[in-house]
Amino acid sequence: MSQSMIWTRVDYEKDGKQNGWLQLPHSVTRSAYGNVSIPLTVIKNGKGPTAFLMAGNHGDEYEGQVALCKLIQSLEPHHIQGRVIIIPAINLPAAMAGVRVSPIDQGNLNRSFPGDPNGTATYAIAHYIDTVLYPMADIHHDLHSGGSSLQYLPFASMRQSQDAALNARATSALKAFGAPIGLIWAYSPDSRLSSVAAVNRNLVALGGEFGGGGSVTSSGVRIVEQGLKNLLAHAGIIEASRAVGPYAGPSRLMEIKSRDYYVYAPEAGLFEPAVELGDTVRRGDVCGKVYFVDNPGRAPEPCYFEGDGMVICKRHFGRVERGDCVVHLATDVA
Ligand code: CA
């Protein structure tokens, strides 16, 4: 396969702190020889592990973007041993527009891995991550939130691989991150997610959903800020004394075992949920009802839970189309 067209003047091997850009060639009428300039910070001090931290994979998920901007402002080379690569807005066009997918090509970065150097902008970004950044890293965190359409009970997560030793390392990193909930995602090789590409490169791959509704929750930002310090200390990149703070676990470990954990809108209309985040429900309980404000004499259409569990995610918008996910559940790891 051909090489990435993305280039940078940042030297990944140089000690010190560099704030620069990944330059993604993007030739348009306004700018024939122009680039999309994706900000990148590399902080390095001697030998040691590399942590690659990114946010803005989905542009309308903000807690990670804020926390990584703050980390860039505060973290200095003398604080670390090894290397930290930080990209707060990896799908920059989406982040600048405040939307999930890129306005350039409608690309959903987290459905585009392992990418394509000859594809559109979003595929080119995925390919650069997979072929340049992942091979440099030992530990990876891709910080998400629910975005405009979903609200989450905040959690950190890990992606399972087919390698038991790697899974054990990732579980230990997830516990070290110390979020109130630690979600364990199953290995899903066909999903084209960043986390699957990362575990395929033998990285400890963490993620998480730290809020949603297209807003910035201060509690979610605090969980990310503290968790990243905990994680960098766990990796031996910063001293444990630099990671002291309110969130140090133990995380409640949870999982999502099947499609039965998800409830989808049965009809288009206005959805009234019957539950709140954190509620415990049983199979057969009413999840909510769809109302028809353009035909109010029609009986509302209920939908039901297909499994037992705790409500960890809810749709944010009131209007639904048939097939929209309105709620999903998680259960404690046995
Ligand atoms: Ca997301």
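The first residue of the sequence shown is numbered 1, and numbering continues consecutively from there. Numbering of ligands and ligand atoms starts at 1, following listing order.
With respect to the salt-bridge test (charged N to carboxylate O, under 4.0 angstrom), the residues R298 and E267 qualify. Using a cutoff of 4.0 Å between basic side-chain nitrogens and carboxylate oxygens, E276 and K314 are scored as salt-bridged.
Counting only distances under 3.0 Å, and ignoring water, the protein N, O or S atoms around the Ca ion (ligand 1) are H58 ND1, E61 OE1, E61 OE2, H144 ND1.
Applying the ring pair (Phe, Tyr, Trp, His ring centres under 6.0 Å) criterion to H140, with sequence neighbours excluded, gives F52, Y134. Partners of H234 by ring pair (Phe, Tyr, Trp, His ring centres under 6.0 Å), not counting sequence neighbours: none found.
Test N91, D130, V36 against I125 for side-chain contact (heavy atoms from CB on, under 4.5 Å) and you get one pass: N91.
Pairs of residues two or more places apart, or lying in two chains, that qualify as ring pair (Phe, Tyr, Trp, His ring centres under 6.0 Å) and include a residue from residues 303-334 are Y152-H328, Y262-H328.
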